[in-house]
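Here is the naming used below: chain letters follow the sequence lines, and residue numbers restart at 1 for every chain.
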Amino acid sequence: MNHQELAELLFPHIHKTRDDYDRIYPPRALKEGAMVTRLGPSPTGFIHLGNLYGAFVDERLATQSGGIFYLRIEDTDDKRQVEGAVEVIINSLRFFDIQFTEGATLEGSVGDYGPYYQSQRAEIYQCYVKELVAKGLAYPCFLTEEEITAIREQQELTKENPGIYGKWAANRNLSPEQAAQWIEQGKPYVIRLKSQGKADASPEDVTMIQVEDGIRGTLEMPENIQDVVILKANGIPTYHFAHVVDDYLMRTTHVVRGAEWLSSLPVHIELFRLLEFPIPVYCHTAQLMKLDDSGNKRKLSKRLDPELSLDYYRNEGYHPKAVREYLLTVLNSNFEEWRIANPDLPMEEFPFSIEKMSSSGALFDLNKLQDISKDVLLRIPASELVDFMKGWSAEFRPEILSLFEGREDYLARILDLGRSGDKPRKDLINASQIFQFIRYFYEDYFQIEDPAPDNVTTPDQIHILEAYLATYDHQDDQSVWFDKIRAIAEESGYAAKPKDYKKNPDLYKGHVGDVSTVIRIAVMGRSQSPDVWEIQQILGEETTRGRIRSRLDWLKS
RNA sequence: GGCUCCAUGGUCAAGCGGUCAAGACACCGCCCUUUCACGGCGGUAACCCGGGUUCGAUUCCCGGUGGAGUCACCA
């Protein structure tokens, strides 16, 4: 019996050959330089910032070059499967405006290079495994779990590198007859790669391989010697094998993935070479890091860090555009510069490049996100922000949705407060912060939050508010209105101008700022806020007077 | 532990043999100002260490240190 016959025995149901698949999945007819990228999440139901980060790179690269960006579901491990996970992935990415041109979608698969679920591609993988077995480049391995554990323990004892390779790979030189016999006896097995690497090389003459990485330049690492499992006992391939076959057949040009894959790169390279597939351009992105409590950098972790979850941003109400811009600043070091030069261009016009990506891990910086978010929100019209606030509250704060619904114009005026002119306010960050920031506009959420200034006595407060109420005319324009405040200040013993007070602090009880703070607290409940006059115009005369009256009642009691 | 990746201010980062070592965020001060925000001006603050190579190293090489990743029939 030879390898060819063993392959036939192993895969009697596989009749297609690589030529058939090359015909079914021909090279893509794309223009020169078009990139084909993909996102290959495993459907665990958890999608995080790292996924979005990678997806964003894929999407930029593909759309910028007029290529294809497709979604492939890597569901080769049934233990990780979670119901509805694919929907979660697609919806989350769609929320952040990541769109696929091909692959798995909510409406089913789109494109000619499917199926896009790895679990449906078993026959395809097996065709190539069969070929490898026939060539003697892969073999059935009958090692049991216990035997493998024993090998590892032995290796630990003698401090040798762990794994099934070289002399440890007990079945790599099994005769086809013996293999056939065990198969017929029903012994369980997996298919392992028969690595062509020099397993017994001394440390000095280990063969090194060189790989060009789009982000990191030339990578040099030892060749693979491990007889890795390529087909599991259930006939489904491992990631390594599925990756190589799929990215070849789907004609992926650029494989963007996290740096955690770097160490298995030699395995992939060997597989590409043995299968005689062209090697795609690998782009290993840096990991997103975080500072832990002891001050060390570490990879963001799903369990420890809520900000890793995409849900965190949606929950807090960060605008998708803000998250995208933040990601872009982390991704491409020259983006900030470009943004300063082109404040009004859509970020899609920024020429994204792989070369400008950093190879060291970026620390997640919430401050930066907030700063960017302020600028991004400023460029979004109030009407759009209104819709955004409604969408956010409908999903995460249904109890406040009714505040906005039916009163969209009111909200729009609030959100636009102080945003016009050449020095617009930039204090809107995310939906939950916005609500906190503006809630005094809504009766149910209005309350006195801050104490009056220390230098203003209660009788003075009463006097100020009574005078204010008496002279208040809702029709006054801003300067008339403020002149009245100055007048009240003066006749109450407060300087009409802060500078006067600074010059002669002994002559006054305070200055006009203290007077307006008293009013501010009565009307807004807080000592700090945007312009009082504008706020009152939005609140309306009745509400304004009502709040001052009830403040007076309270002060007097 | 083996292997791999990474290393410029608190954070993100320009730099790619000769610079007073950019810029952004954060922080501090001043100005503007009825508060806050915005804006303007200014400030504190960095090339991990040790060897080489070189007339000259942040930059190139080697070693160390530190951080990270990875060593599954998980991806």
Given the side-chain rings of A/Tyr494 and A/Tyr508, with only the six-membered ring counted for Trp, is the space between their centroids under 6.0 Å? no

Just wondering, are more than 12 heavy atoms of other shown residues or ligands nearer than 6.0 Å to CD in A/Glu83? no

According to the 5.5 Å centroid and 30° plane-angle thresholds, does A/Tyr239 stack upon the nucleobase of B/C74? no

Without decimals, in angstroms, what is the distance between A/Leu328 CG and B/A13 P? 13 Å

When the distance from CD1 of A/Ile47 to P of B/A75 is rounded to whole Å, what number comes out? 18 Å

Could you please name the partner base of B/G66, counting Watson-Crick and G-U wobble pairs only when both distances are under 3.5 Å? B/C6

Rounding to an integer number of angstrom, what distance separates B/G63 and B/C6 when you compare their P atoms? 15 Å

Which listed nucleotide (B/U34, B/A37, B/A75) is nearest to the side chain of A/Lys232? B/A75

Any N or O donor-acceptor pair linking the side chain of A/Ser516 to the base of B/U34 at under 3.5 Å? yes

Does a nitrogen or oxygen in the side chain of A/Lys79 sit under 4.0 Å from OP1 or OP2 of B/C73? no

I'd like the C1' distance from B/A13 over to B/A72, given in whole Å. 38 Å

The side chain of A/Arg520 is closest to which nucleotide in this list: B/U33, B/U35, B/A75? B/U35

Partner nucleotide, any strand, of B/G23 [Watson-Crick/G-U, under 3.5 Å]: B/C12

Tell me the partner of B/C30, counting only Watson-Crick (N1-N3 plus N6-O4 or O6-N4) or G-U wobble (N1-O2 and O6-N3) with both under 3.5 Å; none if nothing fits. B/G40

Between CG of A/Asp450 and OG1 of A/Thr517, what distance do you get to the nearest 0.5 Å? 9.5 Å

Would you call the rings of A/Trp481 and A/Tyr468 parallel, tilted or perpendicular, taking 30° and 60° as the class edges? perpendicular

For B/U59 versus B/A7, give the span between their C1' atoms, rounded off to a whole number of Å. 14 Å

Find the distance A/His240:NE2 to B/C74:P and express it as a whole number of Å. 9 Å

Does OP1 or OP2 of B/U35 have a side-chain N or O of A/Ser527 closer than 4.0 Å? no

When the C1' atoms of B/C61 and B/G17 are considered, how many whole Å apart are they? 14 Å

State whether the distance check finds a donor on one side and an acceptor on the other, under 3.5 Å, for side chain A/Arg526 versus base B/C36. no

Nucleotide paired to B/A45 in any strand shown, Watson-Crick or G-U, under 3.5 Å: none

Side chain of A/Gln478, heavy atoms from C-beta onward: which of B/U4, B/C32, B/U34 has the nearest atom to it? B/U34

So, under a plain 3.5 Å distance rule, would you say the side chain of A/Lys368 forms a donor-acceptor pair with the base of B/A24? yes

Which whole-number value in Å describes the distance from A/Arg257 CZ to B/G69 P? 17 Å

So if I take every side-chain heavy atom of A/Phe482 and compare against B/A26, B/A75, B/U34, which nucleotide ends up nearest? B/U34

Quick note, A/Lys356 side chain, CB onward, closest among B/G15, B/A75, B/A37 is B/G15

To the side chain of A/Lys502, which of B/C36, B/U33, B/A26 is closest? B/U33

In terms of ring plane angle, is the pair A/Tyr116 and A/Tyr70 parallel, tilted or perpendicular, where the classes change at 30° and 60°? tilted

So, does A/Arg152 get its side chain near the phosphate of B/A72, meaning an N or O under 4.0 Å from OP1 or OP2? no

Determine the interatomic distance between P on B/U44 and the same-named atom on B/G1; round to the nearest Å. 42 Å

Whole angstroms only, please: what is the CG-P distance between A/Asp500 and B/U34? 11 Å

Checking all strands, does A/Lys426 fall into the base, sugar-phosphate, or nothing category for heavy-atom contacts under 4.0 angstrom? sugar-phosphate

Using the six-membered ring wherever Trp is involved, compare the ring planes of A/Tyr282 and A/His284 and label them parallel, tilted or perpendicular (cut-offs 30° and 60°). parallel

Between A/Thr329 and B/A24, is there a side-chain N or O to OP1/OP2 distance below 4.0 Å? no

Whole-Å P distance, B/U58 and B/C12: 22 Å

